[in-house]
Structures are given as structure tokens and as C-alpha cells.
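Taking it in order: structure first as C-alpha cells, then the write-up.
Just so it is clear, the values below take in all heavy atoms, side chains as well, and ignore hydrogens, waters and symmetry mates. As the structure is a prediction and not an experimental result, all values here were calculated from the model.
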Amino acid sequence: MRLNLLVIRTSNPDILKEQYEKLGLEFDYHRHGNGPFHYASEQDGFVFEIYPLTESMEKADNSLRLGFDIEDLRNKIIDLENSNWKILSEPKKTEWGLTALIQDLDGRKIELKNK
């Protein structure tokens, strides 16, 4: 089994898209049938989508934790310091390699690992 789709929701799709573009994702803006317009990024058979909140949602779910492999993690963190990402922990050596922890505008924690 392999994960092939992840959908997150937000009240600020445009700003969240810009945040994730800083990590290296590229998005298309589209919709399926009568569904809402949203952003989608596909890479190696994995689709990452950013949807607006549904009418019944008051705020985005921030309990989801994501992880991405990043090229040149130390320089990426320097780049993210000048953006709207919140840096929770600077790069450090762990048993999984060089990792850092950041937070998106909705409060989701994102673990970055040096590729």
C-alpha cells in the first residue's frame, strides 16, 4: 500500500498555497465537476490538495502532522525564516537524519528532513 492523496482545508487557500510552494510544491488551480476550486500538486503519483473550508467547518484541523524530504535543509530553513512559516525547531541531527520542525498558518506541524 502507498499513500497517493492528502487533502488539507483552510480558510486561506491562497496564502497556504504560497507557504507550501516555499517547500518546493507546484500547484494547479482547478475543480472537479461542481466541487469547489482548489489547489493540487502532484509529484511521483502523490497528490497534495489544498481546499477551502466547508460551510460546516469553523476552522482548519491543525492536528495533522506532515513530513517532507527537503534538499539542503539548512538553507531552506534560512529561506523560510523570511516568510510566514513559523520555525519551531532549527535543523538538528536525529536518529532519522537532519530534521527541523515548522508550522503552517493553520497550526499544522511539518517535519522537514534533509534529503
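- Linking Ile, Leu, Val, Met, Phe, Trp and Tyr residues whenever their side-chain heavy atoms come within less than 4.5 Å places L112 and L98 in a single cluster.
- Side chains of Y20 and F27 form a contact here, defined as non-hydrogen atoms less than 4.5 Å apart.
- In terms of heavy-atom proximity, Q19 sits nearest to W85 at O-NE1, 2.8 Å.
- Both Y29 and I50 are members of a single hydrophobic cluster when ILVMFWY side chains are connected at heavy-atom separations under 4.5 Å.
- Taken from CD in E18 to CG in L105, the straight-line distance is 10.0 Å, to the nearest 0.5 Å.
- Nearest heavy atom pair, residue I78 against residue N82, reads O-ND2, 3.6 Å.
- Counting all heavy atoms, side chain and backbone alike, I77 lies closest to P91 at CG1-CG, 3.8 Å.
- Taking the six-membered ring for Trp and thresholds of 30 and 60 degrees, F48 and F68 have ring planes more than 60 degrees apart, a perpendicular arrangement.
- Residues L25 and Q43 approach most closely at CD2-OE1, 4.2 Å, considering heavy atoms.
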E111/L66 under side chain to side chain contact (heavy atoms under 4.5 Å, CB included): CA gap, chis, key distance, verdict: CA-CA 6 Å; E111 185 175 296; L66 304 171; over 6 Å; no
Candidate pair I8 and D61, rule side chain to side chain contact (heavy atoms under 4.5 Å, CB included), full reasoning: CA-CA 8 Å; I8 60 175; D61 176 7; over 6 Å; no
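- Ionic pairing of K76 and E71 is not present here: no N-O contact between side-chain nitrogen and carboxylate oxygen is shorter than 4.0 angstrom.
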Side chain to side chain contact (heavy atoms under 4.5 Å, CB included) assessment of L80 paired with L23: CA-CA 8 Å; L80 296 179; L23 298 182; 3.9 Å; yes
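- A cation-pi contact, defined as under 6.0 Å to the ring centre and within 45° of the axis, links K17 to Y39.
- Of the candidates I70, L73, T99, N114 forms a side-chain contact (heavy atoms from CB on, under 4.5 Å) with just one, namely L73.
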Working for side chain to side chain contact (heavy atoms under 4.5 Å, CB included), residues M57 and R9: CA-CA 9 Å; M57 296 175 80; R9 292 187 177 270; 3.5 Å; yes
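- Using modelled atom types, one finds no donor on one side chain facing an acceptor on the other under 3.5 Å when comparing T10 with N12.
- Taken to the nearest 0.5 Å, the CG atom of D106 stands 6.0 Å off from the OG atom of S11.
- Of the possible polar contacts, one joining the H38 side chain to the H30 backbone as a donor-acceptor pair under 3.5 Å is found.
- We find the CG-NZ distance between D104 and K109 to be 10.5 Å, quoted to the nearest 0.5 Å.
- Enclosure of atom CD in E26 is not indicated, since only 12 or fewer non-hydrogen atoms of other residues, nucleotides or ligands lie within 6.0 angstrom.
- Both L64 and F46 belong to a common hydrophobic cluster when Ile, Leu, Val, Met, Phe, Trp and Tyr are linked at side-chain heavy-atom distances under 4.5 angstrom.
- For the atom pair I110 CD1 and I102 CD1, the distance stands at 6.0 Å (nearest 0.5 Å).
- Under the side-chain hydrogen bond (donor to acceptor under 3.5 Å, both in side chains) criterion, D79 pairs with no residue, sequence neighbours left out.
- Minimum interatomic distance between P36 and R31 (heavy atoms only, all atoms of both residues): O-CB, 3.5 Å.
- Across all their heavy atoms, K22 and S83 have their closest contact at CE-CB, 3.7 Å.
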